[in-house]
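Being a predicted model, the structure only gives us computed values, none of them experimental. Counting starts at 1 for both ligands and their atoms, following the listed order.
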Amino acid sequence: MKILDGQLVSQATKDELKIKVAQLVAEGKKVPHLAAILVGTNGASETYVGSKVRTCEEIGFRSTLVRLEDTISEYKLLETIEQLNNDMDVDGILVQLPLPKHISDEKVINAIHPSKDVDGFHPVSVGKMVQSLPTFIPATPHGIMLMLEHYKINTKGMHAVVIGRSNIVGRPMSILLSANTNPGNCTVTICHSATKNLKELCLQADIIVAALGRPEFVTADMVKDGAIVIDVGITRVADATKKRGYALKGDVQFDTVSPKCSWITPVPGGVGPMTIAALMKNTYNACLTKH
Ligand SMILES: Nc1nc(=O)c2c([nH]1)NC[C@@H]1CN(c3ccc(C(=O)N[C@@H](CCC(=O)O)C(=O)O)cc3)C=[N+]21
């Protein structure tokens with residue numbers, strides 16, 4: 001069993017970007033600028049946005065964090081996005097999800113100009129991704145592809161089973177893995193809450209991507225010997241023995257599953273850090289395309 005080390009690959013990706021930013025500076029060019037909007041005070045969202053902003057600083061990007069009260073009107077949020085759309089210095093705009101219930105995710109995502117849609121959630125970006133055209137790829141699936149690429153894992157012809165059909169992970173992951181690329185070229189099965197024979201399908205998988213958000217859902221009896229297991233889950237589970245009062249649990253029962261795998265991602269230190277690295281890559285590309 002070998003570990004797909006998200007911390008390590010993320011660091012390598014950030015180091016590359018750091019050098020590229022230094023080159024931009026040396027040429028007197030503008031550095032990439034990410035604007036993140038955080039609505040409310042969800043603990044996990046605070047952590048993620050905080051580490052996105054910190055990463056920007058680390059590699060020499062500009063960043064702007066816009067904090068809004070969770071009582072903010074949808075209209076005000078849309079107005080804030082419009083201002084960032086029109087701000088020539090801002091290259092990428094990210095609205096951290098989830099949003100409060102009175103705000104429509106769809107309206108917010110649609111309001112971001114596709115040229116600044118570094119999350120890749122806008123319908124224009126999604127449409128291009130489906131057609132394998134150059135575009136912003138959502139950060140989590142993008143990060144997973146970067147990790148497979150880094151370890152030179154040849155996925156051609158493999159059967160990939162993706163558990164979860166969300167717009168931000170499962171669905172785009174299934175599209176990327178089935179594309180005529182390397183990594184890619186997989187035969188993909190996408191599973192969800194209405195799937196009847198999930199265990200049988202998982203047992204046929206050369207690659208399992210667990211992205212359903214249920215801690216330790218994937219157990220050893222569901223995994224074929226030699227499979228590659230990618231764990232996208234990251235749930236905070238109360239644990240008094242931990243400093244922060246919670247432990248992070250993936251969607252995979254790591255201790256029992258890992259001995260069967262050829263490769264597996266840990267939680268934390270797997271997909272999470274790669275998500276951030278991929279977002280930084282998207283932001284760099286947004287800047288290059290525009291200037
Ligand atoms: N508009 C938007 N874009 C996103 O990309 C987005 C989002 N909304 N909403 C929530 C999810 C989740 N997400 C993560 C980012 C970093 C870690 C990460 O760094 N995880 C660390 C641990 C972090 C911790 O200690 O909690 C790790 O796995 O090692 C995890 C998850 C981005 N998301």
* Asked: Linking Ile, Leu, Val, Met, Phe, Trp and Tyr by side-chain heavy atoms under 4.5 Å, what else ends up with V53?
  -> L38, V49, L65
* Quick one: do D91 and T283 satisfy side chain to side chain donor-acceptor pair (under 3.5 Å)? Show the steps, please. => CA-CA 7 Å; D91 300 297; T283 305; over 6 Å; no
* Determine the interplanar angle of the Y151 and W263 rings, folded into 0 to 90°, and report it as parallel if under 30°, tilted if 30 to 60°, perpendicular if over 60°. => tilted
* Asked: Which is it for S63 and H33 under the side chain to side chain donor-acceptor pair (under 3.5 Å) test, yes or no, and what are the steps along the way?
  -> CA-CA 5 Å; S63 69; H33 181 176; over 6 Å; no
Hey, what polar pairs (N/O, under 3.5 Å) does ligand 1 make with protein?
from     : atom 1 : to   : atom 2 : distance (Å)
ligand 1 : 1 (N)  : V95  : O      : 2.8
ligand 1 : 1 (N)  : D119 : OD2    : 2.6
ligand 1 : 3 (N)  : D119 : OD1    : 3.1
ligand 1 : 3 (N)  : D119 : OD2    : 3.3
ligand 1 : 5 (O)  : K52  : NZ     : 3.4
ligand 1 : 8 (N)  : L97  : N      : 3.1
ligand 1 : 9 (N)  : Q96  : NE2    : 3.0
ligand 1 : 9 (N)  : L97  : O      : 2.9
ligand 1 : 25 (O) : R244 : NH1    : 3.4
ligand 1 : 25 (O) : R244 : NH2    : 3.1
ligand 1 : 29 (O) : G269 : N      : 2.7

* Asked: Just checking, any donor-acceptor pair under 3.5 angstrom between side chains of Q96 and K52?
  -> yes
* Structure fact -> Separation between CD1 (I112) and CG (L84), nearest 0.5 Å, reads 9.0 Å
